[in-house]
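Just so it is clear, the structure is predicted and the values come from calculations on it, not from any experiment.
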Amino acid sequence: MSKRYWLFKSEPTAYSFADLMDENEQTAEWDGVRNYQARNFLRDEVQVGDGVLFYHSNADPPAVVGTAVVTRAGYPDCTAWDPDSEHPDPKSTPDNPIWFMVDIRGEMELETPVTLAKIKGHPALQNISMRKRPRISIHPIEGKEWSVILQMSN
DNA sequence: GCCAACGTTGGC
DNA sequence: GCCAACGTTGGC
């Protein structure tokens, strides 16, 4: 199975790239996703070794700020049945989980964040998934898009 | 199963 | 803070 690329969104006030880099082994569970399309990516498609662009949404400016790598593929999101978690969902149970998460390890902070404005302005990124479906927190990224965005960060 | 009402996301 | 886009819920 060949390596794929993804873009994960996070509001930096809730969880920033710096927070990820501060974790033990720079590794965190990507939990709390409560959207079915994003869930399907996490459960069915995201694989160990895949590349992740870490995007700050609701930020000034919104931008890709770092890269990460998937260290554990989809498994049940146990925060769903924790009533004290941020996004409890009583319909999801250990026997019949609805929501899934993966683990990622932060790799590199971008020298220059690649802002949404720059992404929108780049001819090679006109069809990037986040432009077509603006409100999903997980997006597949083409290999070409990945390299273009990383080039723009230098 | 339709669809109106409602809630959330997230750029601006 | 506004509001467009769009996902989800729930009455029927």
Side-chain angles (χ1 to χ4, degrees), chain A residues 4-23 28-46 50-70 73-104 106-142 144-154:
Chain A
R4 297 189 63 185
Y5 300 96
W6 306 93
L7 180 144
F8 285 14
K9 286 187 196 173
S10 185
E11 301 199 14
T13 52
Y15 192 85
S16 69
F17 188 69
D19 292 331
L20 176 62
M21 296 308 267
D22 281 344
E23 302 273 5
E29 297 175 339
W30 203 254
D31 61 25
V33 172
R34 298 290 181 267
N35 167 282
Y36 285 102
Q37 260 181 304
R39 185 281 308 268
N40 292 346
F41 287 136
L42 291 177
R43 185 188 59 188
D44 305 332
E45 299 193 40
V46 177
D50 286 358
V52 174
L53 295 173
F54 197 108
Y55 176 83
H56 280 170
S57 62
N58 245 328
D60 188 20
V64 175
V65 295
T67 64
V69 62
V70 177
Y75 62 107
D77 181 345
C78 58
T79 68
W81 49 81
D82 173 2
D84 297 326
S85 81
E86 307 243 335
H87 309 280
D89 182 356
K91 294 195 294 297
S92 188
T93 63
D95 284 343
N96 201 0
I98 297 174
W99 306 112
F100 285 73
M101 59 185 174
V102 301
D103 292 354
I104 62 172
E107 290 202 308
M108 174 186 79
E109 182 177 2
L110 299 190
E111 237 171 88
T112 311
V114 179
T115 63
L116 179 62
K118 281 200 263 179
I119 289 171
K120 285 184 167 173
H122 197 292
L125 301 175
Q126 294 309 298
N127 290 319
I128 195 167
S129 172
M130 61 184 304
R131 297 201 60 181
K132 292 190 286 190
R133 320 172 140 258
R135 291 174 314 103
I136 307 176
S137 62
I138 309 260
H139 289 274
I141 294 289
E142 301 295 325
K144 177 140 186 269
E145 294 165 348
W146 169 275
S147 33
V148 166
I149 287 171
L150 289 190
Q151 271 169 27
M152 291 167 82
S153 73
N154 286 319

Main-chain N/O of A/Asp82 paired to A/Ser85 side chain as donor or acceptor, under 3.5 Å: yes
Donor on one side chain, acceptor on other, A/Ser92 and A/Arg34, under 3.5 Å: no
Centroid separation A/Trp6 to A/Phe54 less than 6.0 Å: no
A/Pro134 vs A/Asn58, nearer the 5' end of DNA chain C by closest nucleotide: A/Asn58
Backbone of A/Asp77 reached by a side-chain donor or acceptor of A/Asp31 within 3.5 Å: no
Short side-chain to backbone donor-acceptor contact, A/Thr67 and A/Glu107, under 3.5 Å: no
Outermost nucleotides of DNA chain C that come under 4.0 Å of a non-hydrogen atom of chain A: C/dA5 to C/dT8
